[in-house]
Engineer: 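Handing you a structure now.
In what follows, chains carry the letters A, B, and so on, assigned in the order in which the sequence lines appear, proteins first and then strands, with residues in each chain numbered from 1.
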Number of protein chains: 2
Amino acid sequence: METTNDQQEHRYDAYLAQCPCRSLLDVIANKWTALIVGALLTGEHRFGELRRQIEGVSQKVLTANLRALERNGFVTRRVYPTSPPSVGYALTDLGRSLAPPLVAVREWTERHLDDVEAARARYDTDPTRSGPAGVDRAAEPAAAR
Amino acid sequence: METTNDQQEHRYDAYLAQCPCRSLLDVIANKWTALIVGALLTGEHRFGELRRQIEGVSQKVLTANLRALERNGFVTRRVYPTSPPSVGYALTDLGRSLAPPLVAVREWTERHLDDVEAARARYDTDPTRSGPAGVDRAAEPAAAR
DNA sequence: CTGTATCCTCTGAGATACTG
DNA sequence: CAGTATCTCAGAGGATACAG
């Protein structure tokens, strides 16, 4: 099925509603995906290690996301028949190729948080605006969600 | 320059549950954010243009995401007092700095969709697995809505 | 044309409890 | 330890109608 086409990168277009890469983008452009893939960059990790490293993630969410990453071919899941059963997760080649963009997004967040918070303060202080701003995933801290 | 041993880019850490950049990551690691910011890379666009370019986005979702982007300082919103009122959205400097990582993620998706679909087929065909795989945002197409 | 306001549905995600 | 199974809730997101 492989077409030896040089223009391979433009066979799909995420701006088209019916393009299957639209749903894939939804999987990848995800907070947990970015954190998990970034964590696995240092090598294979066990479930508990990931759970501890990615603070605040519930085991259910971590399991579900790891399963999805496994299904999409980003991570491998190895079960070791040790006395207390242990499971190791590691990036595949595909997952490793996905990591740099995701890490870049995460690092951008860490680096520009101050700028964003300043912008938010400016926006929220502006008297011409009153009501909340629609999709405000981070409007008010209001405790850890 | 800085004599502090703290590296500025590591003042925040998305792996800490209470770090405010965690919620910011949730805003940025988002399908619509990636598409909108990517679309605005070519310059200022009107609301309708974005709505048309980003196929399948409802006006409510587009409005909400643009508002959030505006609040976080990524885009500007200019209202032109034309006969039929028109509004132009454009990236700020901050938004422009965010664009490359997001575009990289989107392009990765378009480029590696074949690999991912092959992995999914492999996973779903594997007889040792039966049930669905947790967070399967793209398990079955089930018709494009 | 560019929104705003409802209604409604779906699901991501937390909390908790239980199993191999 | 590494899950799976429920229950529950908040919020993203679609459809529709209406307004400046």
Engineer: Kindly indicate, with the supporting measurements, whether the criterion side chain to side chain contact (heavy atoms under 4.5 Å, CB included) is fulfilled by Phe74(B) and Ile28(B).
Structural biologist: CA-CA 10 Å; Phe74(B) 302 146; Ile28(B) 292 174; 4.1 Å; yes
Engineer: Crowded around Arg78(B) CZ? As in, over 12 foreign heavy atoms under 6.0 Å?
Structural biologist: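 No, the 6.0 Å shell around CZ holds no more than 12 heavy atoms from other groups.
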Engineer: Closest to the Val87(B) side chain: dA13(C), dT2(C), dG3(D)?
Structural biologist: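 So the nucleotide nearest the side chain must be dT2(C).
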Engineer: Measure the spacing between CD of Glu55(A) and CG of Leu35(A) and express it to the nearest 0.5 Å.
Structural biologist: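 Going from the CD atom of Glu55(A) to the CG atom of Leu35(A) covers 11.0 Å.
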Engineer: Write down the distance between CG (Leu62(B)) and P (dT2(C)), rounded to a whole number of angstrom.
Structural biologist: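 Rounding to the nearest Å, CG of Leu62(B) and P of dT2(C) are 10 Å apart.
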Engineer: Could you state the CZ-C1' distance from Arg78(B) to dG3(C), rounded to the nearest angstrom?
Structural biologist: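 Roughly 19 Å, once rounded to whole Å.
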Engineer: Enter the distance from Gln53(A):CD to Ile36(A):CD1 here, rounded to the nearest 0.5 Å.
Structural biologist: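 One gets 11.0 Å once the value is rounded to the nearest 0.5 Å.
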Engineer: Starting from P on dA2(D), measure out to OH on Tyr80(A) and report it in whole angstrom.
Structural biologist: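 About 12 Å, once rounded to whole Å.
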Engineer: Could you give the CZ-to-P distance, from Arg77(A) to dC1(D), as a whole number of Å?
Structural biologist: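 It works out to 16 Å between those atoms.
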Engineer: In whole Å, what is the span from the NZ atom of Lys60(B) to the P atom of dT2(C)?
Structural biologist: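 Going from NZ in Lys60(B) over to P in dT2(C) covers 19 Å.
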Engineer: What is the minimum heavy-atom distance between Asn30(A) and Asn65(A), and which atoms define it?
Structural biologist: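 Result for this residue pair: OD1-OD1, 3.8 Å.
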Engineer: Angle, rounded to 10°, between the helical axes spanning five pairs at each terminus of the helix from dC1(C)-dG20(D) to dG20(C)-dC1(D)?
Structural biologist: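 Both end axes considered, the difference amounts to 50°.
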Engineer: Report the distance from atom NZ of Lys31(A) to atom OG of Ser23(B), rounding to the nearest 0.5 Å.
Structural biologist: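 Going from the NZ atom of Lys31(A) to the OG atom of Ser23(B) covers 8.0 Å.
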Engineer: Just compare dC1(D), dG14(C), dT4(C) and give me whichever is closest to any side-chain atom of Pro84(A).
Structural biologist: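 Output: dC1(D).
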Engineer: What is the distance, to the nearest angstrom, from the CD atom on Glu70(A) to the C1' atom on dA2(D)?
Structural biologist: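 Going from CD in Glu70(A) over to C1' in dA2(D) covers 14 Å.
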Engineer: In whole Å, what is the span from the CD atom of Glu44(A) to the P atom of dA2(D)?
Structural biologist: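 Going from Glu44(A) (CD) to dA2(D) (P), I get 11 Å.
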Engineer: Between Tyr89(A) and dG3(D), is there a contact of a side-chain N or O with OP1 or OP2 at under 4.0 Å?
Structural biologist: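 Yes, within the criterion.
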Engineer: Less than 4.0 angstrom between a side-chain N/O of Trp32(B) and OP1 or OP2 of dG13(D), yes or no?
Structural biologist: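 Answer is yes, contact under 4.0 Å.
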Engineer: The side chain of Pro85(A) is closest to which nucleotide in this list: dG14(C), dC1(D), dG13(D)?
Structural biologist: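 Side chain of Pro85(A) sits closest to dC1(D).
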Engineer: Go through the steps for Asn72(A) and Tyr123(B) under the test side-chain hydrogen bond (donor to acceptor under 3.5 Å, both in side chains), then give the verdict.
Structural biologist: CA-CA 8 Å; Asn72(A) 285 276; Tyr123(B) 185 98; over 6 Å; no
Engineer: Counting only side-chain heavy atoms from C-beta out, which of dT4(C), dA2(D), dT4(D) sits nearest to Arg67(A)?
Structural biologist: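 Given the options dT4(C), dA2(D), dT4(D), the side chain of Arg67(A) is closest to dT4(D).
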Engineer: Of all heavy-atom pairs between Pro101(A) and Ser97(A), which one has the smallest distance, and what is that distance?
Structural biologist: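 Shortest heavy-atom contact: CD-O, 3.8 Å.
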Engineer: To the nearest Å, how far apart are Leu66(A) CG and dA13(C) C1'?
Structural biologist: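 Going from CG in Leu66(A) over to C1' in dA13(C) covers 15 Å.
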Engineer: For Thr42(B) and His45(B), which I'm curious about, is there any donor-acceptor pair between the side chains at under 3.5 Å?
Structural biologist: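 Yes.
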Engineer: List in numerical order all residues of residues 46-59 of chain A for which some heavy atom is under 4.0 Å away from an atom belonging to DNA chain C.
Structural biologist: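 Per residue number, the list reads Ser58(A), Gln59(A).
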